[in-house]
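Just so it is clear, the model here is predicted, and its values are computed rather than measured.
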Amino acid sequence: MGTGPRPTPAPPALIPALTARAKAAAHAHPHPHGPTALPPCTCVGATLADRQDATVVRHAGTVAKAHAPDTDPAALTLRVATAARLPDVLLPPLGPTPATLHDRPVTLWPYGLPVDPDDPDAAPWEAAATLLARLHRTPVPAGLPPMRGPAKAARALGRLQAALRSTPHAAPRAAALPVLGAWATLPAWARAEAPMPGPWALCHGDLHLGQLVRHPAPDGPWKLIDVDDLGAGVPAWDLARPAAWYACGLLPPDEWTRFLTAYRRAGGPAVPADGDPWPALDVPARALTVQTAALAVTKALAADRPLDEVEQAVVDACARMPSVPAQASRPPRPAPGFPG
């Protein structure tokens with residue numbers, strides 16, 4: 001569940017080069033009986049993602065990822081090293097240092113089996129919550145940059161504003177107004193305009209079910225993937241996307257309860273051990289709702305089409321936000337949206 005920007009393909013030469021890098025890594029181990037002729041490769045290969053912020057290919061059991069062109073190589077190296085030190089929580093990399101390919105930093109990872117998007121009843125909410133709690137209880141490694149969640153939210157609003165400038169006559173422009181209004185009500189730290197409040201924890205920064213895989217595939221333990229936003233910050237941000245879906249009526253109450261209960265049972269520090277979690281979750285959940293709505297409206301503007309039902313739900317939630325005091329205590333779930 002969620003809405004993202006329209007994909008922007010990688011440069012034409014990147015995918016073949018990235019595929020060759022994954023293939024070389026997959027077959028890097030020498031034959032145990034010395035040099036021998038290898039049969040033609042019949043391994044499974046695929047392009048798993050081709051977006052502006054990442055291009056990912058698979059060859060057999062190896063995955064190669066080309067990170068965004070503006071990625072800070074030093075920060076990425078620290079994030080990859082953190083994953084290597086936490087193999088029970090994060091999928092460990094196949095090498096400690098990113099390489100460079102067509103001016104893009106590239107990392108290598110083992111293949112893990114992702115969550116099946118066509119089987120929502122099998123969503124591993126308890127596993128996700130437990131992994132997050134363990135991550136949040138881990139001391140922040142020295143020098144690790146801040147978690148990038150607020151920066152990603154701000155980037156989504158920047159894309160929306162750019163889309164409004166470039167599509168002056170698109171039909172769904174009115175849907176942007178409540179999104180921009182809700183964004184203005186958020187505190188500066190949630191808009192990446194001020195440092196995040198403490199105490200900080202080690203955070204994933206972009207938690208959703210697409211960030212979990214089973215490794216070894218197909219039935220190994222669940223691991224978190226994607227370290228691009230990993231860093232020190234407000235741990236409630238990692239709970240904010242499912243909290244926002246729940247508040248918008250897009251995540252059933254029983255699934256939200258499973259997630260929250262598992263996180264608390266595992267000793268997660270983002271919310272109190274019992275009682276009302278919303279004073280801690282409210283601002284991050286609002287921010288993730290605005291981010292999701294901004295990306296949804298951006299897509300609709302580009303296609304000059306009406307919002308779909310899910311997109312309209314998050315925009316409607318944004319419209320309700322300015323009338324509800326932030327960080328207010330809330331009953332379990334009186335109605336979809338951000339009720340007072």
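Cluster annotation: Leu209 is connected to Leu132 through the hydrophobic network of ILVMFWY side chains, with a link wherever side-chain heavy atoms come within less than 4.5 Å. Leu90 and Val140 fall within the same hydrophobic cluster, where Ile, Leu, Val, Met, Phe, Trp and Tyr residues are linked whenever their side-chain heavy atoms come under 4.5 Å apart, directly or through other members. Hydrophobic clustering keeps Leu108 apart from Ile15 (ILVMFWY residues linked when any side-chain heavy atoms are closer than 4.5 Å, directly or through intermediates). Following chains of ILVMFWY side-chain contacts shorter than 4.5 Å, one cannot reach Val314 starting from Leu177, and the two form parts of different hydrophobic clusters.
In this pair, His136 and Tyr263 present their aromatic rings perpendicular. The plane angle is above 60°, beyond the 30 to 60° band. Using a 30° and 60° split on the angle between ring planes, Trp125 and Phe259 fall in the perpendicular class, above 60°.
Scanning for salt bridge (Lys or Arg N to Asp or Glu O under 4.0 Å) contacts around Glu255 gives an empty result, with sequence neighbours left out. Not counting sequence neighbours, the partners of Arg305 by the salt bridge (Lys or Arg N to Asp or Glu O under 4.0 Å) test are Glu311. With sequence neighbours left out, Gln161 forms a side-chain hydrogen bond (donor to acceptor under 3.5 Å, both in side chains) with no residue at all. A search for side chain to side chain contact (heavy atoms under 4.5 Å, CB included) contacts involving Ala60 returns Ala26, Cys43, not counting sequence neighbours. Residues forming a side-chain hydrogen bond (donor to acceptor under 3.5 Å, both in side chains) with Arg21 (at least two apart in sequence, or on another chain): none. Among residues two or more places apart in sequence or in another chain, the side-chain hydrogen bond (donor to acceptor under 3.5 Å, both in side chains) test is passed with Asp316 by Gln312. Thr261 is linked by a side chain to side chain contact (heavy atoms under 4.5 Å, CB included) to Thr257, Arg265, counting only residues two or more places apart in sequence or in another chain. Shown here are the side chain to side chain contact (heavy atoms under 4.5 Å, CB included) partners of Pro216, two or more places apart in sequence or in another chain: Pro221. Qualifying ring-ring contact (aromatic ring centres under 6.0 Å, His included) partners for Trp200, counting only residues two or more places apart in sequence or in other chains: none. By the side chain to side chain contact (heavy atoms under 4.5 Å, CB included) test, Thr97 is found to be paired with no residue, residues two or more places apart in sequence or in another chain being considered. By the salt bridge (Lys or Arg N to Asp or Glu O under 4.0 Å) test, Arg258 is found to be paired with Glu126, residues two or more places apart in sequence or in another chain being considered. Contacts of Lys152 classified as side-chain hydrogen bond (donor to acceptor under 3.5 Å, both in side chains), with partners at least two apart in sequence or in another chain: Asp206, Asp229.
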Going through the checks in order, is the side chain to side chain contact (heavy atoms under 4.5 Å, CB included) test met by Leu113 and Val213? CA-CA 5 Å; Leu113 187 69; Val213 298; 5.8 Å; no

Would Lys65 and Asp226 satisfy side chain to side chain contact (heavy atoms under 4.5 Å, CB included), going step by step from the backbone distance to the final call? CA-CA 10 Å; Lys65 178 176 182 176; Asp226 190 355; 3.1 Å; yes

Using the side chain to side chain contact (heavy atoms under 4.5 Å, CB included) rule, take Leu94 and Val63 through it: C-alpha gap first, then chi angles, then the decisive distance, then the call. CA-CA 9 Å; Leu94 294 178; Val63 172; over 6 Å; no

Step by step, would you call Val271 with Leu260 a side chain to side chain contact (heavy atoms under 4.5 Å, CB included)? CA-CA 9 Å; Val271 295; Leu260 180 63; 4.1 Å; yes

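Across Met196, Arg191, Glu193, a single residue satisfies side-chain contact (heavy atoms from CB on, under 4.5 Å) together with Pro150, and that is Met196. Applying side-chain contact (heavy atoms from CB on, under 4.5 Å) to Leu157 and the options Thr298, Leu180, Leu186 leaves one that passes, Leu180.
For the atom pair CG of Leu224 and CG of Leu131, the computed distance is 4.5 Å after rounding to the nearest 0.5 Å.
Using modelled atom types, no side-chain atom of Arg51 and backbone atom of Val56 make a donor-acceptor pair closer than 3.5 Å. Proximity of a side-chain donor or acceptor of His204 to a complementary backbone N or O of Met147 within less than 3.5 Å is not detected. In this structure a side-chain-to-backbone donor-acceptor pair under 3.5 Å is present from Thr71 to Ala68. Remark: the backbone N or O of Leu288 is not paired with any side-chain donor or acceptor of Arg241 at under 3.5 angstrom. Using modelled atom types, one side-chain atom of Asp304 and one backbone atom of Ala171 make a donor-acceptor pair closer than 3.5 Å. Panel note: side chain Arg264, backbone Pro272; a donor-acceptor pair is recorded below 3.5 Å. Put simply, the side chain of Arg104 gets close to the backbone of His67: a donor and an acceptor are under 3.5 Å apart.
Counting non-hydrogen atoms of other residues, nucleotides and ligands closer than 6.0 Å to CG of Asp274 gives a total of 12 or fewer. Within 6.0 Å of the CG atom in Asp254, the count of heavy atoms belonging to other residues, nucleotides or ligands exceeds 12.
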